[in-house]
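Inspection log for the structure reproduced underneath, given as structure tokens.
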There are 2 protein chains.
Amino acid sequence: MFEVIGERINTSRKLVQAAVAERNSDYIIDDVKKQQQAGANYIDVNAGARIGHETEDMKWLIDTIQPMATIPLTLDSPDPAVLEMAFKMVETTPMINSISLEKERFDAMMPFLDGKECKIIALCMDDNGMPASSDDIFGRAKTLVEELNKIGIPTASIYVDPLVQPISTDSLKGVMVLDAVRAIKAEFSDVHITGGLSNISYGLPQRKIINRTFVSLMMDAGMDSAIIDPLDKKIMATIRTADMLLSHDNFCMNYLKGVRSGAIES
Amino acid sequence: MFEVIGERINTSRKLVQAAVAERNSDYIIDDVKKQQQAGANYIDVNAGARIGHETEDMKWLIDTIQPMATIPLTLDSPDPAVLEMAFKMVETTPMINSISLEKERFDAMMPFLDGKECKIIALCMDDNGMPASSDDIFGRAKTLVEELNKIGIPTASIYVDPLVQPISTDSLKGVMVLDAVRAIKAEFSDVHITGGLSNISYGLPQRKIINRTFVSLMMDAGMDSAIIDPLDKKIMATIRTADMLLSHDNFCMNYLKGVRSGAIES
């Protein structure tokens, strides 16, 4: 079944930043509750936006969220020192967001990940920037999986992010990433595919219909996770419906549950 | 680009039946205009529901629609005599709906189609009923394409209908037809894939979100046409958006046109 990584606890969001600055735990707890109720499978926690405060903000967020969270956290930082501290605090196996092939990030993250039990988001980014073709995405994903396997992280714990790019810049950007996902899943059947989706609609109007139509296409190709706002009711309904159509929902149980709770409407 | 066959002019619909019985041409013309404005590429005309009146009703409908239609008609009847009459009336190459492998229908339709210039919808139905597997759908499609080729109908004029079945009866019915469409397109790259979609959601609540999520998955597999209600704004918006995401809309021109006209909303 599809896994939703709830993206809302991120200090780049204005209200979250204010709540963190004021140590307003009620706001944070309420937001996490809403994400859980809406069907999130992980809560992403990113404290990177208040420069100079990341370590203390991350610590406070985990202290605030962990006692009430019913799902695991996704620890989101490029800084291994912050992740090391956060990793020691969590009581449930977390997801780490993220490693990439950018040399500085890769070299910092590999020693941190070595020997850890966790799930890891692997971005198909390197020092040349965004991937330029399906083969490029596939090649980067393959390198990341193989390198992570070498330090003991099993393929089934790896969440490849193929890096969705705007279709407004090139009408082939959709099929490029769809083809890449198919190739990655053909090579590594156990690997997960995740990522943000909203880049696909960058520069275009009425972005939400693009994002939710795209998630169903990505799911058909093999995406089984996404970093999204679980409170976006329409994309959540599309995900649950596509999961059913792709045979991941026996007897349509989750779909029917969604309709009964009001989460799915035509 | 995706082709929409507008399904509304069908005497099984109550208001259409009444309009046909009363020879209310204003109602019919208004409905066809709306379908055209909404982006239909063909107008399906089915006069089968008033028993004993099909020939005269079909004749009246064509006489009514043809002078104002800006797109071709889809002549929809199982009766070759009705189709023969209708075929002689139309001035633009029509689409015929439909042939199947049911012996009686096949034997009646093949002599009618022999030598005709038309597009033809080919249903993957035979005397054993609905197809039971992807291979079954593929095998029936292959037979239909090969038989139609023998009487001079090129593959590019054939619209295979793989026969969508309810997911409520079996959670594999979605992937069954998706896999079949991929196999058919791999074997016959020129063939079109069409059909109704609403069977997928039969027996489930909130059917429209299922139908429109499914159309995007079917388009990813290779469906490039569907028999739908063009006045269903949400499914039309999904089709236009998926067409863009699947690289069939250079510079997002049709998508942007749809947003500007109000046809596409998030």
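The chains referred to below are lettered A, B, ... by the order of the sequence lines, with proteins before strands, and numbering in each begins at 1.
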Discussion item. Less than 4.5 Å to any heavy atom of chain A: does that hold for the side chain of M244(B), its backbone, both, or neither?
Written reply: both
Discussion item. With rounding to the nearest 0.5 angstrom, report the OG1 to CZ distance, T169(A) to F251(B).
Written reply: 11.5 Å
Discussion item. Testing the basics here: between R212(A) and E265(B), what is the closest heavy-atom pair and its distance to 0.1 Å?
Written reply: NH2-O, 4.3 Å
Worksheet item: Considering only heavy atoms from C-beta outward, does the side chain of I167(A) approach that of Y255(B) to under 4.5 Å?
Response: no
Worksheet item: How far apart are the closest heavy atoms of S171(A) and D249(B), and which atoms are they?
Response: CB-O, 4.1 Å
Worksheet entry | pair I209(B)-K234(A): side-chain heavy atoms closer than 4.5 Å | no
Discussion item. Which atoms of V175(B) are under 4.5 Å from chain A, going by heavy atoms: the side chain, the backbone, both sets, or neither?
Written reply: both
Worksheet item: What closest approach, in Å, do Q206(A) and S266(B) show between heavy atoms, and which atom pair accounts for it?
Response: OE1-N, 2.7 Å
Worksheet item: What distance separates D220(A) CG from T213(B) OG1, expressed to the nearest 0.5 Å?
Response: 12.0 Å
Worksheet entry | Any side-chain heavy-atom pair of L245(A) and K173(B) under 4.5 Å | no
Worksheet item: Given the options M176(A), R207(A), K208(A), which has more heavy-atom pairs under 4.5 Å with chain B than any of the others?
Response: K208(A)
Discussion item. Rounded to the nearest 0.5 Å, what separates atom OG1 in T241(B) from atom CD1 in I200(A)?
Written reply: 11.5 Å
Worksheet item: Taking atom types as modelled and ignoring hydrogens, do the side chains of S216(A) and S216(B) form a donor-acceptor contact shorter than 3.5 angstrom?
Response: yes
Worksheet item: How about P205(A) and L256(B): do any of their side-chain heavy atoms sit closer than 4.5 Å?
Response: yes
Worksheet item: Take atom CE in M253(A); do more than 12 heavy atoms of anything else shown fall under 6.0 Å from it?
Response: no
Discussion item. Let's test your reading of the structure: which of L172(B), L204(B), L178(B) forms the most heavy-atom pairs below 4.5 Å with chain A?
Written reply: L204(B)
